Peer 1: 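Below you will find the structure I want to go over with you.
What you see is a predicted model; the values in this text were computed from it and never measured.
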Amino acid sequence: RMLVGANVAVMIALAVGAVVVAQLIAFNVPLRADMTRTGVNSLSESTEKLLRELPTNIRLTSLYFETDREEADQPKNREAVRNLLALYESTNRTKITADAINPLKDHQKLQQLLSRVREKPSYNEGITAYQARLDAFRNELNEKAQKVLQEELDRTTPATAAIDRTAPPGALAQVNELLRRLIQELQTSREQVDTLASAANPQLAAAIEELKSLYPKITRALKEIPKFAAAELARNPNMPEADAALLRDAGSRYADLVAALEGETTKVGELQPLKVDELLSKLQPTGNPIVLETDDGAEVIEFSSLWPPVD
């Protein structure tokens, strides 16, 4: 791989980010700099013109990794990109800022970069939608589900206390055990959601996936209990009336929670993939990308765009 095309890739992404040269791309106007295998010498007139006329602030960050063990081309390519970005910065210091981060070692700077990107206005709408569903779970649905399940557990526990443990578990004992498992799964999911959503680099999509798994699981269980109860009542008509009443009325006691769970299941299912997550997924620790930030959004210039194969 050669250093051919690096400047073109950077400039095209920069231009897209700045929203100033859509026409240039459409007309296939190349944006070139004089780059050799040993580094950057100068920029073309068209590149300098674009840089000087930028209508927005631009931050360019090289994420070339650096280790004690790396291929011979790595230091050369890393330095070439840093020189190129420094040359961009020197062309318009009021609008352009260049930086370099070693993602394997500069953890604080990398975290600051990730936080900046997540806070860009372009991504607010998607993040707000995800946050709304997480808040609905943490502030409303979790409490509602916990209350219903715990009340059901309390109702069925006395009825199972005197059961002969050597005999096969009866209907209420089976329902009681299922409720215990659901309460534990609800608690585990709540802890997982809190951990993911409150991390230094919030994993909102992963937190939503946790809810996508939890809601149908509880819904199915609460719908199955009344079916199971009906079958048990038909099989055992001499069941004590108190036990029979608990089973018979289970469906009506669960109805509101089931409706709420199904409503939220629909809402989390309608969420669109987070654009910011798609962007940040390209920032692999050894991927050697460049991050281009504007005031509103960001782009990732991947390694394959910087160093295309040259025959």
Side-chain angles (χ1 to χ4, degrees), residues 59 61 63 65 101-150 153 178-222 257-287 289 291 293 296-300 302:
R59 182 191 290 260
T61 305
L63 291 178
F65 74 90
I101 295 175
N102 180 356
L104 300 182
K105 294 182 178 180
D106 300 335
H107 302 300
Q108 184 175 359
K109 289 183 68 176
L110 179 61
Q111 187 56 57
Q112 291 170 348
L113 168 64
L114 298 178
S115 297
R116 276 200 317 272
V117 170
R118 284 190 173 278
E119 293 170 2
K120 298 293 183 183
S122 294
Y123 310 126
N124 284 349
E125 184 177 353
I127 290 176
T128 299
Y130 272 61
Q131 194 63 59
R133 302 281 51 87
L134 294 174
D135 289 344
F137 168 67
R138 291 188 290 190
N139 300 335
E140 302 171 21
L141 197 48
N142 174 68
E143 183 178 346
K144 183 181 184 71
Q146 185 71 35
K147 183 174 184 293
V148 170
L149 295 176
Q150 187 61 52
L153 186 66
L178 175 58
L179 291 168
R180 290 182 187 277
R181 292 201 304 269
L182 291 177
I183 290 173
Q184 181 59 51
E185 289 187 20
L186 180 62
Q187 181 178 347
T188 299
S189 290
R190 171 58 194 260
E191 293 172 355
Q192 183 72 355
V193 165
D194 285 346
T195 298
L196 292 167
S198 61
N201 182 26
Q203 304 295 305
L204 301 186
I208 289 295
E209 287 302 315
E210 183 71 24
L211 298 184
K212 287 182 178 180
S213 172
L214 175 69
Y215 291 161
K217 188 181 299 182
I218 297 179
T219 301
R220 284 193 300 269
L222 294 183
L257 177 56
V258 168
L261 287 167
E262 290 180 330
E264 276 302 307
T265 298
T266 298
K267 290 177 181 179
V268 297
E270 291 173 345
L271 292 173
Q272 298 300 308
L274 282 175
K275 293 180 180 179
V276 68
D277 281 351
E278 294 179 359
L279 181 82
L280 296 181
S281 68
K282 300 175 183 178
L283 301 183
Q284 300 303 317
T286 58
V291 179
E293 299 173 66
D296 293 327
E299 294 286 341
V300 173
E302 297 183 85

Peer 1: Specify the closest pair of heavy atoms between A200 and Q111, including all atoms of both residues, with the distance to one decimal.
Peer 2: O-NE2, 3.2 Å

Peer 1: Just so I know, are the side chains of L110 and L63 near enough to count as touching, which here means a heavy-atom distance under 4.5 Å?
Peer 2: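 Yes; the side chains approach each other to less than 4.5 Å.
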
Peer 1: Among E209, K217, E210, which residue satisfies the side chain to side chain contact (heavy atoms under 4.5 Å, CB included) criterion with S213?
Peer 2: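 Testing each of E209, K217, E210 against S213, the sole residue satisfying side chain to side chain contact (heavy atoms under 4.5 Å, CB included) is K217.
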
Peer 1: Which is it for L196 and L134 under the side-chain contact (heavy atoms from CB on, under 4.5 Å) test, yes or no, and what are the steps along the way?
Peer 2: CA-CA 11 Å; L196 292 167; L134 294 174; over 6 Å; no

Peer 1: Between K275 and E278, does at least one N-O distance fall below 4.0 Å, as a salt bridge requires?
Peer 2: no

Peer 1: Which atoms form the tightest heavy-atom contact between P103 and P285, and what is the distance?
Peer 2: CG-O, 3.1 Å

Peer 1: Calculate, to the nearest 0.5 Å, the distance between atoms CD and CG belonging to E299 and L279 respectively.
Peer 2: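 Separation between the atoms: 7.0 Å.
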
Peer 1: I want to check something: taking the side chain as every heavy atom from C-beta on, are K109 and L113 in contact at a cut-off of under 4.5 Å?
Peer 2: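 No. Closest side-chain heavy atoms not under 4.5 Å.
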
Peer 1: Check for a donor-acceptor pair, side chain of Y123 on one end and backbone N or O of A298 on the other, with a separation under 3.5 Å.
Peer 2: yes

Peer 1: Is the shortest heavy-atom distance from the side chain of E293 to the side chain of T61 under 4.5 Å?
Peer 2: yes

Peer 1: Determine whether the side chains of T266 and E270 contain a donor N or O and an acceptor N or O closer than 3.5 Å.
Peer 2: no

Peer 1: A side-chain contact here means heavy atoms from C-beta on lying under 4.5 Å apart; do T219 and L257 qualify?
Peer 2: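 Of all side-chain heavy-atom pairs linking L257 with T219, none is under 4.5 Å.
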
Peer 1: First locate atom OG1 of T188, then atom CD1 of I183, and finally report the distance between them rounded to the nearest 0.5 Å.
Peer 2: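 T188 OG1 to I183 CD1: 11.5 Å, rounded to 0.5 Å.
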
Peer 1: Given side chains that start at C-beta, do those of L222 and L149 come closer than 4.5 Å, heavy atoms only?
Peer 2: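 L222 reaches L149 side chain to side chain.
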
Peer 1: For E125 and S122, indicate whether the former's side chain and the latter's backbone hold a donor-acceptor pair under 3.5 Å.
Peer 2: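 Not a single qualifying donor-acceptor pair exists.
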
Peer 1: Can you tell me how far apart CD (Q187) and CG (L182) are? Round to the nearest 0.5 Å.
Peer 2: 13.0 Å

Peer 1: Measuring from F137:CZ to I208:CD1, what's the distance to the nearest 0.5 Å?
Peer 2: 10.0 Å

Peer 1: Which atom pair, heavy atoms only, marks the closest approach of V193 to A207?
Peer 2: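 It is CG2-O, 3.9 Å.
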
Peer 1: Would you say that more than 12 heavy atoms from the other residues, nucleotides or ligands in this model lie under 6.0 Å from the CD of E143, or not?
Peer 2: no

Peer 1: Does any non-hydrogen side-chain atom of R118 lie less than 4.5 Å from one of N201?
Peer 2: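 N201 reaches R118 side chain to side chain.
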
Peer 1: So which heavy atom on P202 is nearest to which on A197, and how close?
Peer 2: CB-O, 3.6 Å

Peer 1: Quick one: are L211 and E264 in side-chain contact, heavy atoms under 4.5 Å?
Peer 2: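 In short, these two side chains do not touch, never coming nearer than 4.5 Å.
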
Peer 1: Working to the nearest 0.5 Å, report the span between CD of E185 and CG of L214.
Peer 2: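 If I round to the nearest 0.5 Å, the distance is 7.5 Å.
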
Peer 1: Hey, are the side chains of Q146 and R190 touching, using non-hydrogen atoms and a 4.5 Å cut-off?
Peer 2: no

Peer 1: Check whether more than 12 heavy atoms from other residues, nucleotides or ligands sit under 6.0 Å from atom NZ of K147, and answer yes or no.
Peer 2: no

Peer 1: What's the separation between atom CG in L274 and atom CD in Q203, rounded to the nearest 0.5 Å?
Peer 2: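 Spacing of CG (L274) from CD (Q203) equals 10.5 Å.
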
Peer 1: For R138, is there any backbone N or O sitting under 3.5 Å from a side-chain donor or acceptor partner on N142?
Peer 2: no

Peer 1: Taking all non-hydrogen atoms of both residues into account, name the closest pair between T286 and F65 and its distance.
Peer 2: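 In this case the closest contact between T286 and F65 is CA-CD2, 3.5 Å.
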
